[in-house]
Number of protein chains: 2
Amino acid sequence: MVSSLGCAKIGCKMYDYVATSGMSESGINMLELSRITRNYQRGDLIFKQASPSQELYCLRSGQVLLSHTDAFGHKTAFRVAGPREIIGFRSFFGEDDHAATAEALTNCTICLHTRPTINKLIDTCPGFARVFMRTLARDRGPADALVLRGQHVPVRTRLVYLLLIMKDRQGVKETKGNLSFELPVLRRDIAALLGARAESVTRAISELKKDGVVTIKNRTVTIPSLKRLYAETQRGAEAKAAS
Amino acid sequence: MVSSLGCAKIGCKMYDYVATSGMSESGINMLELSRITRNYQRGDLIFKQASPSQELYCLRSGQVLLSHTDAFGHKTAFRVAGPREIIGFRSFFGEDDHAATAEALTNCTICLHTRPTINKLIDTCPGFARVFMRTLARDRGPADALVLRGQHVPVRTRLVYLLLIMKDRQGVKETKGNLSFELPVLRRDIAALLGARAESVTRAISELKKDGVVTIKNRTVTIPSLKRLYAETQRGAEAKAAS
DNA sequence: CGTACCGTTGAGGTGAGTCAAAGTAAGTGG
DNA sequence: CCACTTACTTTGACTCACCTCAACGGTACG
């Protein structure tokens, strides 16, 4: 079993929420008492699309891929969650079955919080509800990657956007002027995030490499010039102002 | 000026929320006192992308198109709101600038609710917060139309989905076995909803007509067989089960 | 009767999907 | 340590749905 350190000690998001919502010790104790900690192996399903949503999941370590499979059997990924992020909240508060599948990209440790506890927290502290409303409102859910999936933007550009997002989420190393970081996902997952096929991702990668914008070797991304990467973003964007 | 009937009398959504959240008269009075009613003409902007979000808008009559314009100047519509629907709540609770533009498709009457009132309602009644959290969680926002914009689904099929959604939202008439209803939007808006171009929509429409699935003349949609229309939905969906 | 907007139709180009096959990396068991 | 399996990645050839551009028809309104 995992260490029994409290949420406070490990910098858990739920703890932050309870704390910033101006709640006393009692709220934190409530969380601690009902918290369930689980470990997942790489590849494990944390929850599955269309299964009932019972808990709120709070990542302590590891990475999780959230994806949605439509009626046509097409898988679209819309979020990569990391430590200190909460997942499953949309279905939880929507009181709906899970709209997405969560899969462990790496080994993960996750805290589960049950409905009675969360409801009690909401009832006793309006601030807590307010913080969560903010989270819900800001999370675009499957739309998070709206840019990433707009058909009018070429795969190459969408990939660049994704890299810029990933860069800020993953640990970035700097070696002799080059930034580099590790991708937490496979080609096929990148494809799912971009709404493209793995082959197209490969082609976009080799194009970007050819043009010296970024190099992606296996899981390692190397950026010679961040400026150059940002410039890529503007490709074909002579921004015809909207009506 | 518009009639001063209370929200209760006109079946306003906000009133429902306050009522079902088990709140007393006081909550409803609070709403009534601070409510501002406005009229908009067809084509008017109700709020604009990137402008600060100050109020919650509750439609009393008319139809509103919600759309988002990306950095490339591409407009994507993601929702058509009608009477008794609330708009602008995502930015309101996200405490962000508006992520979308709301435009009146027809003449509209809309109630505005200000932040202090809403906050007070949340603070005094956890049930009210809970109801709104449910709304926020269930609203996919710009992703609502995820199916409608999946590139892997042909425009023709996406259009059929849209028609099925519209059918349930608009008043449907039945004349000698044929269902028919009015589209509240222009071709260009349909295109924005589908993530396609107006020309492609036209082509899809004429194809569907040729195959006798639906007829769309100007704004009037005629459906000879609902069964046939649903069947259209399955086009090319030999559902290769996802991995 | 012109202006303006919407809708339709046609011709042409292309980005990305599909299919198929070869190359590479990683784990397993003898 | 090496064959063998399995999974992931890359490359190439082909096809097609949709975009783009451009012209034309229809309807409303001054």
Side-chain angles (χ1 to χ4, degrees), chain A residues 41-43 65 70 72-77 103 105-106 148-160 162 182-211 215-221 235-238 240 243, chain B residues 41-43 65 70 72-76 103 105 148-160 182-210 214-221 235-238 240 242-243:
Chain A
Q41 301 286 312
R42 186 197 131 111
L65 184 76
D70 66 20
F72 299 86
H74 251 96
K75 186 173 157 185
T76 314
E103 183 199 341
L105 290 170
T106 65
L148 295 181
R149 271 198 296 282
Q151 316 84 321
H152 43 85
V153 184
V155 170
R156 169 172 173 156
T157 310
R158 282 184 264 164
L159 175 61
V160 171
L162 183 65
E182 297 293 308
L183 282 176
V185 286
L186 302 175
R187 293 285 181 277
R188 106 159 70 93
D189 296 326
I190 299 178
L193 284 162
L194 300 182
R197 303 263 96 153
E199 295 95 321
S200 303
V201 172
T202 293
R203 281 185 245 272
I205 288 174
S206 57
E207 247 196 77
L208 287 171
K209 182 178 179 176
K210 181 168 59 74
D211 296 355
T215 309
I216 307 180
K217 184 87 180 172
N218 293 321
R219 302 283 193 96
T220 311
V221 182
R235 272 201 136 218
E238 275 77 73
K240 332 156 193 176
S243 69
Chain B
Q41 302 285 312
R42 185 196 132 110
L65 184 75
D70 65 21
F72 300 86
H74 251 97
K75 187 172 155 185
T76 313
E103 182 199 344
L105 290 171
L148 295 181
R149 271 198 298 281
Q151 317 87 317
H152 43 84
V153 185
V155 171
R156 170 173 171 155
T157 310
R158 283 184 263 164
L159 175 60
V160 171
E182 297 294 307
L183 282 176
V185 286
L186 302 174
R187 292 286 182 276
R188 102 158 73 92
D189 296 326
I190 298 178
L193 283 162
L194 300 183
R197 305 262 95 152
E199 296 94 321
S200 303
V201 173
T202 293
R203 282 185 244 272
I205 288 174
S206 57
E207 248 195 76
L208 287 171
K209 183 178 179 176
K210 182 168 60 74
V214 279
T215 309
I216 305 180
K217 185 89 182 170
N218 292 323
R219 300 282 194 100
T220 311
V221 182
R235 271 201 137 221
E238 275 77 72
K240 333 157 191 170
S243 69

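Residue numbering restarts at 1 for every chain, and letters A, B, ... go by the order of the sequence lines.
Two end axes, each from the C1' atoms of five base pairs, can be drawn for the helix from dC1(C)-dG30(D) to dG30(C)-dC1(D); they diverge by 30°, to 10 degrees.
To the nearest angstrom, P of dA25(C) lies 14 Å from CZ of R219(A). To the nearest angstrom, P of dC6(C) lies 15 Å from CG of L183(B). Per the geometry, CG belonging to L159(B) stands 11 Å off P belonging to dT8(C), to the nearest Å. In this structure, the CD1 atom of I216(A) is 14 Å from the C1' atom of dT10(D), given to the nearest Å. Look at NZ on K210(A): it is 15 Å from C1' on dT11(D), rounded to the nearest Å. What separates CD1 of I205(B) from C1' of dT9(C) is a distance of 14 Å, to the nearest Å.
In terms of heavy-atom proximity, V201(A) sits nearest to R187(A) at CG1-CD, 4.2 Å. The minimum heavy-atom distance between N218(A) and I216(A), with the atom names listed, is O-CG2, 3.7 Å. Nearest heavy atom pair, residue G43(A) against residue E103(A), reads O-CG, 3.9 Å. Closest heavy-atom contact between A196(A) and V155(A): CB-CG2, 3.9 Å. Scanning both residues, K209(A) and T215(A), for their nearest heavy atoms gives CE-CG2, 4.1 Å. The two residues A191(B) and A198(B) have their closest heavy-atom pair at CB-N, 3.4 Å.
A perpendicular orientation is assigned to the rings of F72(B) and H152(A), their planes being inclined by more than 60° (bins at 30° and 60°).
A search for side chain to side chain donor-acceptor pair (under 3.5 Å) contacts involving R156(B) returns E207(B), D211(B), E232(B), not counting sequence neighbours. Applying the side-chain contact (heavy atoms from CB on, under 4.5 Å) test to S206(B) and every residue at least two apart in sequence or in another chain returns nothing.
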Trace of the side chain to side chain contact (heavy atoms under 4.5 Å, CB included) decision for V214(B) with L159(B): CA-CA 11 Å; V214(B) 279; L159(B) 175 60; over 6 Å; no
Apply side chain to side chain contact (heavy atoms under 4.5 Å, CB included) to residues R219(B) and V185(B) and explain how you reach the verdict. CA-CA 8 Å; R219(B) 300 282 194 100; V185(B) 286; 5.9 Å; no
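A distance-only check finds a donor-acceptor pair linking the side chain of R158(A) to the backbone of V153(A) [under 3.5 Å].
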How would you summarise protein contacts on nucleotides 10-17 of chain C per nucleotide, using B for base, S for sugar-phosphate only and - for none, with heavy-atom distances below 4.0 Å? BB----SS
Close N or O pairs between protein and nucleotides 5-8 of chain D (under 3.5 Å):
{"unit_1": "dC8(D)", "atom_1": "OP1", "unit_2": "R188(A)", "atom_2": "NH2", "d": "3.0"}
{"unit_1": "dC8(D)", "atom_1": "OP2", "unit_2": "R188(A)", "atom_2": "NH2", "d": "2.5"}

Mind listing the N/O atom pairs, protein and nucleotides 24-30 of chain D, below 3.5 Å?
none

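When the shell of 6.0 Å around CZ of R42(B) is examined, it contains 12 or fewer heavy atoms from other residues, nucleotides or ligands.
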